[in-house]
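Reviewing the structure listed below.
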Amino acid sequence: MSQGCACGTERAIILSVSLSRDELPCGRCGAGIPVEGLKGPRDVIHLLRRWVDQAYAIEMLWLSSGEYEDWAKGEIDSAKSKVNQMGRQVAQKLTPTVPTWLYSAPHAGARQAVDKYLDHCPACHDPTDKTGLIAKYGLGCAKCRVAGSAE
């Protein structure tokens with residue numbers, strides 16, 4: 001685990017899958033925020049933990065390069081996938097407590113075209129705006145709570 005985010009009340013949670021299920025990146029500084037320490041309405045925190053478990057499992061399935069690799073890649077990249085729908089729901093419900101965004105980035109060999117720079121929201125297709133976060137999460141759709149690269 002990293003040293004952790006020191007942004008305090010200024011932090012922004014990024015729902016992004018990594019090789020760790022224990023922390024999520026801060027959109028302001030890029031450091032890790034421990035999942036176990038996140039506070040919010042009980043049902044939203046439960047949904048967040050479900051998202052973390054499912055997103056991590058799908059990412060590991062994709063990385064395993066087995067017979068489910070194409071399916072997993074589609075789930076990761078598609079705005080309509082269940083895991084991405086759940087991620088947007090978590091971000092929308094957790095944002096009143098702490099600003100939260102679902103990270104959208106192209107994966108190697110993405111099945112569909114994905115903006116390298118998130119110029120349009122993958123969910124509603126509206127143009128994105130600056131989020132005020134670090135460049136990796138610098139463009140986003142506040143309505144859908146999706147953020148992606150501005151660099």
Side-chain angles (χ1 to χ4, degrees), residues 1-2 4-5 7 11-118 120-125 128 131 133-151:
M1 280 171 85
S2 67
C5 170
C7 293
R11 71 183 177 187
I13 297 169
I14 303 296
L15 300 177
S16 176
V17 174
S18 69
L19 297 179
S20 171
R21 297 163 72 151
D22 300 326
E23 62 183 27
L24 296 169
C26 173
R28 300 223 183 267
C29 69
I33 300 170
V35 173
E36 287 300 316
L38 294 174
K39 304 283 187 235
R42 182 175 295 185
D43 62 323
V44 178
I45 296 300
H46 176 72
L47 189 62
L48 167 69
R49 289 189 177 131
R50 275 187 45 216
W51 178 84
V52 167
D53 287 344
Q54 288 181 21
Y56 178 82
I58 291 170
E59 185 80 3
M60 292 304 105
L61 198 58
W62 176 65
L63 289 173
S64 72
S65 300
E67 63 185 278
Y68 298 108
E69 179 181 3
D70 287 341
W71 175 85
K73 192 184 312 175
E75 288 296 297
I76 292 166
D77 292 332
S78 173
K80 294 180 181 177
S81 74
K82 295 281 187 199
V83 73
N84 285 329
Q85 288 178 26
M86 184 189 306
R88 289 192 304 275
Q89 184 180 16
V90 169
Q92 289 166 345
K93 288 183 174 190
L94 197 53
T95 288
T97 304
V98 59
T100 306
W101 300 83
L102 176 65
Y103 181 52
S104 178
H107 279 72
R111 186 179 296 170
Q112 61 192 45
V114 180
D115 279 346
K116 179 177 180 187
Y117 309 109
L118 196 70
H120 291 86
C121 176
C124 72
H125 308 292
T128 54
T131 61
L133 304 175
I134 61 174
K136 184 173 183 180
Y137 317 115
L139 289 174
C141 176
K143 176 178 63 175
C144 297
R145 303 307 297 173
V146 175
S149 184
E151 57 182 12

> Any side-chain heavy-atom pair from Pro25 and Tyr103 closer than 4.5 angstrom?
Replying inline: no
> What is the distance from atom NE2 of His125 to atom SG of Cys141, rounded to the nearest 0.5 Å?
Replying inline: 10.5 Å
>> Can you tell me how far apart CG (Leu38) and CZ (Arg11) are? Round to the nearest 0.5 Å.
In response: 5.5 Å
>> Can you tell me which residue among Asp22, Ile45, Leu24 is in a side chain to side chain contact (heavy atoms under 4.5 Å, CB included) with Val35?
In response: Leu24
> Are Val98 and Leu94 close enough, and set up right, to give a side chain to side chain contact (heavy atoms under 4.5 Å, CB included), and what steps lead you there?
Replying inline: CA-CA 6 Å; Val98 59; Leu94 197 53; 4.0 Å; yes
> Counting distance only, does the side-chain N/O of Asn84 pair as donor-acceptor with the main-chain N or O of Ile76 below 3.5 Å?
Replying inline: yes
>> In the structure I gave you, are the side-chain heavy atoms of Trp51 and Gln89 within less than 4.5 Å of one another anywhere?
In response: no
>> Please find the pair of heavy atoms, one from Ala147 and one from Thr131, that lie closest to each other, and give the distance.
In response: CB-CG2, 4.4 Å
> Rounded to the nearest 0.5 Å, how far does OG of Ser149 lie from CG of Leu139?
Replying inline: 7.5 Å
> Minimum heavy-atom separation for Gln54 to Met86, with atom names?
Replying inline: OE1-CE, 3.3 Å
> Is there a side chain to side chain contact (heavy atoms under 4.5 Å, CB included) between Leu133 and Arg28 once you walk through the steps?
Replying inline: CA-CA 5 Å; Leu133 304 175; Arg28 300 223 183 267; 3.6 Å; yes
> Under a 4.5 Å cut-off applied to non-hydrogen side-chain atoms, are Ile58 and Trp71 in contact?
Replying inline: yes
> So which heavy atom on Thr97 is nearest to which on Pro41, and how close?
Replying inline: OG1-CD, 3.7 Å
> What do the steps show when you test Arg50 against Leu47 for side chain to side chain contact (heavy atoms under 4.5 Å, CB included), and what is the final call?
Replying inline: CA-CA 5 Å; Arg50 275 187 45 216; Leu47 189 62; 3.8 Å; yes
>> Using modelled atom types and a 3.5 Å cut-off, is there a donor and acceptor pairing between side-chain atoms of Trp101 and backbone atoms of Ala91?
In response: no
>> Walk me through whether Glu75 and Trp62 qualify under side chain to side chain contact (heavy atoms under 4.5 Å, CB included).
In response: CA-CA 9 Å; Glu75 288 296 297; Trp62 176 65; over 6 Å; no
>> What's the separation between atom OG in Ser16 and atom CD in Glu59, rounded to the nearest 0.5 Å?
In response: 8.0 Å
>> Any carboxylate oxygen within less than 4.0 angstrom of a Lys/Arg side-chain nitrogen, looking at Arg21 and Glu36?
In response: no
> For Arg88 and Ala123, which heavy atoms make the closest approach, and how far apart are they?
Replying inline: NE-CB, 3.7 Å
> If you round to the nearest 0.5 Å, how far is SG of Cys121 from CG of Leu102?
Replying inline: 9.5 Å
> Do Leu48 and Thr100 come within less than 4.5 Å of each other through their side chains, counting heavy atoms only?
Replying inline: no
> Distance from Tyr68 atom OH to Leu61 atom CG, nearest 0.5 Å?
Replying inline: 8.0 Å
> Is the side chain of Thr128 donor-acceptor paired with the backbone N or O of Leu118 at a distance under 3.5 Å, no angle test?
Replying inline: yes
>> Less than 4.5 Å apart, side chain to side chain, heavy atoms only: is that true for Pro99 and Arg145?
In response: yes
